[in-house]
2 protein chains.
Amino acid sequence: MLQTAQKRDVFQAVADPTRREILKLLAEKELPISEISAHFPMSRTAVAKHLQVLAEAELVRGRKKGREKIYWLHPEPLTELREFYELFWSNKLSKHKYVLESDPDNEY
Amino acid sequence: MLQTAQKRDVFQAVADPTRREILKLLAEKELPISEISAHFPMSRTAVAKHLQVLAEAELVRGRKKGREKIYWLHPEPLTELREFYELFWSNKLSKHKYVLESDPDNEY
DNA sequence: ATCATATAAAACCATTTGGTTTCACTTTCT
DNA sequence: AGAAAGTGAAACCAAATGGTTTTATATGAT
């Protein structure tokens, strides 16, 4: 395993709120682990593990720069979220058949 | 707790592949638990638990009909997926700044 | 050379997750 | 009434998850 180890499901990678926040952070700019972990109440090690998970899902990439490891966002796999969403809510071909037929707001 | 118990995170609900399949099934039409579980290799009880999770996330709703419990899709919470996706890939205001600045295909 | 910084890797731990099996309950069918 | 069908709820279990702490390693600064 040269680099990112084995694939990881995008939906599962994104299931954790901390990991979603990390992605938002990296959307602004690339950051070293220490700076990322400064935004969270947990240990740096814990954040590093979250970054590994995100890397396995190809949602981030990292490079070594001196003694730092810099991570940056690689948002492409998020299109899977969009594709899933559109199975139910596509606006292209008007709405999905289920959505069309569903009554607006029957709360039970 | 009268009904759907406590809220459940949509991202987490959708993290499991079985649950995603269930949602696709229910997009076609509402179904009783037994019919849903017929599509999966696991026990009916396991599928019932997945349905409970989906219900806690408000992604499905259920009603009793005779001795059956019928579940149907309630896709509204999936908009959270879309909103998250669009933080990174919005096409409305052209692309997100990160996406704009990122070089196309630097593979490490 | 030495020391601080930044990370990596490993061991460990509690809780959650995704599954099972078993038992009880209600509804439908004969 | 009695049996079958469909579900609900509980107990149980192995594995995964999200944390921790500890130890080691490499880099940068003095």
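Not measured: the values here are computed from a predicted model. Just so you know, these numbers use all the heavy atoms, side chains as well, and skip hydrogens, waters and symmetry mates. So you know, we letter chains A, B, ... as the sequences are listed, proteins then strands, and number each from 1.
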Check your understanding: Which residues satisfy the side-chain contact (heavy atoms from CB on, under 4.5 Å) test with A:V53, sequence neighbours excluded?
Key -> A:R8, A:A13, A:R19
Check your understanding: Restricting to pairs with a member in residues 19-61 of chain B, which pass ring pair (Phe, Tyr, Trp, His ring centres under 6.0 Å), not counting sequence neighbours?
Key -> none
Review point. In whole Å, what is the span from the NZ atom of B:K64 to the P atom of C:dC25?
Key: 14 Å
Revision key, fill the gap. From CG of B:L54 across to P of C:dT17 the rounded distance in Å is 13 Å
Check your understanding: Does B:R63 have any salt bridge (Lys or Arg N to Asp or Glu O under 4.0 Å) partners at least two apart in sequence or in another chain, and if so, which?
Key -> B:E30
Check your understanding: Taking the side chain of B:R67 as its heavy atoms from C-beta onward, which of C:dT7, C:dT27, D:dT22 lies nearest to it?
Key -> C:dT27
Check your understanding: Which parts of residues 8-16 of chain A get close to DNA chain D, meaning a heavy atom less than 4.0 angstrom away?
Key -> A:R8, A:Q12, A:D16
**Study point:** Which residues share a ring pair (Phe, Tyr, Trp, His ring centres under 6.0 Å) with B:F11, sequence neighbours left out
**Key:** B:F84
Exercise for review: Could you tell me the separation between the CD atom of B:E35 and the C1' atom of D:dT7, rounded to a whole number of Å?
Suggested key: 15 Å
Review point. Given D:dT7, is OP1 or OP2 found less than 4.0 Å from the side-chain N or O atoms of B:S34?
Key: yes
Practice item. Would you kindly give the OH-to-P distance between B:Y71 and D:dG6, to the nearest whole Å? Key: 16 Å
Practice item. Find which nucleotide of DNA chain D each of A:H50 and B:R44 is nearest to by heavy atoms, and output the residue with the more 5' nucleotide. Key: B:R44
Review point. In whole Å, what is the span from the CG atom of B:L31 to the C1' atom of D:dT7?
Key: 16 Å
**Study point:** Phosphate contact (C:dA8 OP1 or OP2) by A:K69 side-chain N/O below 4.0 Å
**Key:** yes
Review point. Hey, are the side chains of B:L54 and B:V14 touching, using non-hydrogen atoms and a 4.5 Å cut-off?
Key: no
Review point. Please give, in whole Å, the distance from D:dG8 P to B:Q52 CD?
Key: 7 Å
Point to revise | Interatomic distance where CD1 belongs to A:I70 and C1' belongs to C:dA8 [whole Å] | key: 16 Å
Practice item. Check side-chain contact (heavy atoms from CB on, under 4.5 Å) between A:A46 and all other residues, then give those that pass, not counting sequence neighbours. Key: A:M42, A:S43
Practice item. Counting heavy atoms from C-beta on, name the nucleotide in D:dT22, C:dT7, D:dG19 closest to the side chain of A:M42. Key: D:dG19
Review point. What is the distance from NZ of A:K49 to P of C:dA9, rounded to the nearest Å?
Key: 12 Å
Review point. Which nucleotide, C:dT20, D:dT21, D:dG6, lies nearest any side-chain atom of B:T45?
Key: C:dT20
Exercise for review: When you get a sec, tell me which of D:dG19, C:dA6, D:dG8 is the closest nucleotide to the side chain of B:I33?
Suggested key: D:dG8
Check your understanding: Can you name the closest pair of heavy atoms from A:P77 and A:L59 and give their distance?
Key -> CB-CD2, 3.9 Å
Exercise for review: Check whether any side-chain N or O of A:S43 sits under 4.0 Å from OP1 or OP2 of D:dT20, and answer yes or no.
Suggested key: yes
Review point. Under 4.0 Å: is that the gap between some side-chain N or O of B:R19 and OP1 or OP2 of C:dG18?
Key: yes
